[in-house]
Amino acid sequence: MEAINPSHYPATRAATVAEDYINYKLGGPYRLFALNKVSQASRERIAGVGNKYSLTFSIEDVLNDKHIINCTAEVLHYLSEQHTAPNVTFTLQTELQGNVEDKDKEFYNKIRSLTQLLVAHDIPDKFGNVPAELEPIRNLALAACGFVKWQNSTENTFYRMAVIKSVRQQKREDVALEFHFDMLIHEMVSQEMVPWQMDVLWDPSGGLKIVRQVRLPKQCCCIAQND
């Protein structure tokens with residue numbers, strides 16, 4: 001096992017994969033996390049398996065007073081001709097702050113009570129603005145995007161979300177809310193805007209589930225703002 005500089009790309013990329021996984025597992029309409037600082041990192045080259053990164057870092061609970069949470073994680077990138085999502089395990093060493101359960105339920109009930117299924121475009125808009133009523137939708141998409149980025153990450157990628165081009169609520173007969181997202185994800189290494197689709201289920205008790213995620217051809221980047 002070799003120590004690596006915690007401020008260099010190999011460490012920050014691995015920590016970003018852990019951040020994405022944490023957002024997928026713990027994020028939602030009123031809770032999102034952002035990488036704050038990597039303080040320690042090491043890499044172990046496992047013959048015939050892959051590279052395992054051991055990390056000590058902190059994240060911000062962005063929507064809850066930017067509370068700092070200390071974490072440890074291991075991220076294993078597999079050596080394989082066919083891509084396999086990295087294996088991620090993490091431990092939060094600081095308790096989460098803020099009671100988001102009531103806000104989650106309020107948001108859930110508000111969406112369930114709509115007389116028409118929710119449809120929205122360009123979140124944020126070209127000026128960077130997000131209407132207040134769509135902020136929980138944007139946050140839910142960011143949390144779900146953590147799944148997409150984790151599943152598609154390698155040691156040579158660095159995905160960041162750019163914009164939701166459209167979101168459409170889908171009709172369901174069970175308790176879950178379902179949303180179809182068309183979005184663009186910024187891949188920092190190649191500087192490409194990658195079009196992606198994902199179908200997301202969420203409810204306050206069942207949490208977040210991504211039932212479909214598809215990377216689209218680059219020519220699909222331009223998605224009409226209106227039907």
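We're numbering straight along the sequence, starting at 1.
- Atom CD of Gln191 has more than 12 neighbouring heavy atoms from other residues, nucleotides or ligands inside a 6.0 Å radius.
- Counting only distance, with no hydrogens or angles, the side chain of His83 and the backbone of Gln151 share a donor-acceptor pair below 3.5 Å.
- Remark: side-chain polar atoms of Ser54 are not paired, donor with acceptor, to backbone N or O of Ser42 under 3.5 angstrom.
- You'll find the side chain of Thr12 stays beyond 4.5 Å of the side chain of Phe158, heavy atoms only.
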Checklist entry - Between Arg160 and Glu19, is a salt bridge (charged side-chain N to carboxylate O under 4.0 Å, His left out) present by the stated rule, with each step listed? => result CA-CA 11 Å; Arg160 308 306 291 167; Glu19 171 207 331; 3.6 Å; yes

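- Paired with Ile185 under the rule side chain to side chain contact (heavy atoms under 4.5 Å, CB included), one option of Val148, Val163, Asn152 passes, and it is Val148.
- For the side chain to side chain donor-acceptor pair (under 3.5 Å) criterion with Tyr53, the lone passing option out of Glu44, Arg13, Glu155, Glu74 is Glu155.
- When every heavy atom of Leu55 is checked against every heavy atom of Ala41, the shortest pair comes out as CD2-CB, 3.7 Å.
- At a threshold of 4.0 Å, the pair Asp122-Lys165 counts as salt-bridged, since one of the basic side-chain nitrogens sits closer than that to a carboxylate oxygen.
- Scanning all heavy atoms of the two residues, the minimum distance from Pro195 to Pro217 falls at CG-O, 3.2 Å.
- Side-chain atoms of Arg31 come within 3.5 Å of backbone atoms of Gly98 as a donor-acceptor pair (strictly under, hydrogens ignored).
- Side-chain contact between His121 and Arg168 is present, with at least one heavy-atom pair separated by less than 4.5 Å.
- You'll find the side chain of Leu208 reaches within 4.5 Å of the side chain of Ile210, heavy atoms only.
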Checklist entry - For Val17 and Tyr21, what are the C-alpha separation, side-chain angles and deciding distance, and is it a side-chain contact (heavy atoms from CB on, under 4.5 Å)? => result CA-CA 6 Å; Val17 173; Tyr21 187 76; 5.7 Å; no

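- The nearest pair of heavy atoms linking Tyr30 to Pro136 is OH-CG, 3.4 Å.
- Side chain of Ser113 to backbone of Asn109: a donor-acceptor contact under 3.5 angstrom is found.
- Remark: side-chain polar atoms of Asn23 are paired, donor with acceptor, to backbone N or O of Phe33 under 3.5 angstrom.
- When Thr91, Thr94, Asn36 are each tested for a side chain to side chain contact (heavy atoms under 4.5 Å, CB included) with Asn70, only one passes: Thr94.
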Checklist entry - Yes or no on side-chain contact (heavy atoms from CB on, under 4.5 Å) for Ile46 and Met1, after CA distance, side-chain angles and deciding distance? => result CA-CA 9 Å; Ile46 305 174; Met1 184 176 293; over 6 Å; no

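- Residue Asp65 places its CG atom among 12 or fewer non-hydrogen atoms of other residues, nucleotides or ligands, all under 6.0 Å distant.
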Next on the checklist: Run the side-chain contact (heavy atoms from CB on, under 4.5 Å) test on Ile111 and Leu118 for me, step by step, so that the C-alpha distance in whole Å, both residues' side-chain angles and the decisive distance to 0.1 Å come before the verdict.
Outcome noted: CA-CA 8 Å; Ile111 298 298; Leu118 183 145; 3.9 Å; yes

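- Within 6.0 Å of CD in Gln40 there are 12 or fewer heavy atoms belonging to other residues, nucleotides or ligands.
- No option in Gln197, Met198, Gln213 other than Met198 meets the side chain to side chain contact (heavy atoms under 4.5 Å, CB included) test with Phe181.
- Asn139 places a side-chain N or O within 3.5 Å of a backbone atom of Pro29 that can act as its donor or acceptor partner.
- Looking only at side-chain heavy atoms (C-beta outward), Asp199 and Phe179 stay at 4.5 Å or farther from each other.
- For the atom pair Leu177 CG and Lys110 NZ, the distance stands at 13.0 Å (nearest 0.5 Å).
- The 12-atom threshold is exceeded at CD of Gln170, counting heavy atoms of other residues, nucleotides or ligands nearer than 6.0 Å.
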